[in-house]
Amino acid sequence: MLFEIVSQLEKREALDVLVLPFWEKGGKEKADKAIEAVSVKEYTKQIKHITDTNDFSGKECEAVIIYPEEGKEKRLLLIGLGKEENVSIDVFRKAAATAIRLCHKKKLKKINFLVPTLKATTYLQGIVEGILLSNYKWSLRARSDESSLIEQVTLLGVKSTARAMIDETIEIAEGVYLARDLINGNADDVTPKYLAETAKGISKQFPDVKTTVWNKKEIEKEKMGLLYAVGKGSPNEPAFITMQYNGNPKSKDKSVLIGKGVTFDTGGLNLKPTGSMETMRDDMSGAAAVIGILAVVAALKLKVNVCGVIPTAENAIDGHSFKPGDVYTSYSGKTVEIGNTDAEGRLILADAISYAVKHLSPTRIIDFATLTGAMVIALGDHVSGVFTNDDKLNSALHKASAHTSELVWRLPLHAPYKELLKSDIADIKNIGGRAAGSITAALFLEEFVNGIPWAHIDIAGTAFSSKEEHYIPKNGVGFGVRLIVEFLKQI
Ligand code: BES
Ligand code: ZN
Ligand code: ZN
């Protein structure tokens, strides 16, 4: 999609539609104030007419198309921003997304978007983000259904200095699209090998990113016993991917980002029941986010050191599948009793964390994983759980989250629950029972972090959406890409 800027309203070209955002006004001053705010003189009468009818009052995400008799445009699209005192960056994202979705429905391809006078530049970023994040379609027939997308948006009343912010936001959106495409693709296509090829493709595009891949044989030889165990029941062989980007070679600071890459989770021999398996191609959403983040970081040439680590496997059923009750040795040397083969995410993450601890000298580790069904029950599909051993990391993540509106909520790494992971036959067991399922999963991971500042983000509820909501599409969301890019920009 092409973004253009036209600073002076009068100089605009007539496109398919002119989008006009309105604050919600109460009482009789309502219409006048709204018109004043928009100040497209030629439409004053028509707009007053519709606001007088009370059919449109500027409520959040209210939208109506009108067809003026005179003037440059064939169509005006009025969108509501809600009450001005409730303004936030997300108000603009949602309003812009509402306009874009309506344009999709009406097949309008080229739009003028009048930007109201804004108190903060982040609000303009919100508009651009809302437009970009909602201008995404995924269909089974084509990976992304380009035909229904908007081709051009011209922002009216914006200074040309906004260009840099727009270009940066486009790169970030590209990273989100990449993550969404990876999540949405068929599990039979988006295999561990495919994720590895995608990571290598990013290295090709951005030579600052160095990608290495271990195949199944190497995983076995290197004694990554848990990743090997999870992957051995599938003809789609496991892989272990690292993506290094050193944007600040003088600094020792390094963020290691780990993403769960289970390309399909049948549950293994502890097979998931019908109703629980249908969305399990999303079980690599953590990996998708990490790949998307690395692509953005490299495209923006951020001056930070980041390493993406992706353990990836298909948790399948076969004579070679790993077995409940058996004991496997992790990369760290700790032995793990398999209480349930469906708790596979923590196994492959444990090996990835141990790898990071042993070889990457991380300043901090952040892992993303669709780890537990209990997370969905606790926080639903809008909020991800954060588990961390570091208060500073926690507040930095919350700060980034407040900016991107990818919501996170801290949950406790309650140490006494470690008791629940005790095993008679190994150092630890991979399940802790039904109660506090997300916490015991996080506590399992903590056993491998060796005290390094670490945050685990459980995105089981937020990675995949069952319905379209503002700028959140149905299916793969791409949760975490914007969050971590913002986080990295702040450190
Ligand atoms: N991939 C699932 C978690 C999940 C559930 C993600 C729902 C997205 C939506 C994970 O591997 C899993 O199956 N976890 C089990 C763990 C249990 C066996 C201890 C779960 O949460 O039921
Ligand atoms: Zn599972
Ligand atoms: Zn899983």
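Just so you know, ligand 1 is whichever comes first in the structure, and atom 1 is the first atom listed for that ligand. Just the heavy atoms: all of them, side chains too, but no hydrogens, waters or symmetry mates, feed the values below. Residue indices begin at 1 and follow the sequence shown.
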Inset, instruction - Hey, could you give me the CD1/NZ distance between Ile89 and Lys94, rounded to the nearest 0.5 Å? - result: 12.0 Å
Inset, instruction - Decide if the gap between the ring center of Phe387 and the ring center of Trp409 is smaller than 6.0 angstrom. - result: no
Inset, instruction - Would you please write out the protein residues whose heavy atoms approach any atom of ligand 1 to under 4.0 angstrom, listed by chain and number? - result: Lys260, Asp265, Lys272, Met280, Asp283, Asn340, Asp342, Glu344, Arg346, Thr370, Leu371, Thr372, Gly373, Ile431, Ala460
Inset, instruction - Could you check whether the rings of Phe240 and Trp214 sit parallel, tilted or perpendicular, using 30° and 60° as the cut-offs? - result: tilted
Inset, instruction - Classify the angle between the aromatic ring planes of Tyr355 and His359 as parallel (below 30°), tilted (30 to 60°) or perpendicular (above 60°). - result: tilted
Legend entry - Distance filter under 2.8 Å, centred on the Zn ion (ligand 3) - protein N, O or S atoms that pass it: Lys260 NZ, Asp265 OD2, Asp283 OD2, Glu344 OE2
Inset, instruction - With sequence neighbours excluded, tell me which residues meet ring pair (Phe, Tyr, Trp, His ring centres under 6.0 Å) with Phe487. - result: none
Legend entry - Ion pair check, Lys200 and Glu197, cut-off under 4.0 Å: yes
Inset, instruction - Go through the side-chain N and O atoms of Thr266 and Asn315 and say whether any donor and acceptor fall under 3.5 Å apart. - result: no
Inset, instruction - Give a yes or no answer on whether the side chain of Thr329 reaches the backbone of Gly333 with a donor-acceptor pair at less than 3.5 Å. - result: no
Identify each donor-acceptor pair in which a side-chain atom of residues 301-314 lies under 3.5 Å from a protein atom, sequence neighbours left out, and give them as a table.
unit_1, atom_1, unit_2, atom_2, d
Asn305, OD1, Gly247, N, 3.3
Asn305, OD1, Asn248, N, 2.9
Asn305, ND2, Asn248, O, 3.0
Asn305, ND2, Ser251, O, 3.1
Asn305, ND2, Asp253, O, 2.9
Thr312, OG1, Gly261, O, 2.7
Glu314, OE1, Ser234, OG, 2.7
Glu314, OE2, Asn236, ND2, 3.4

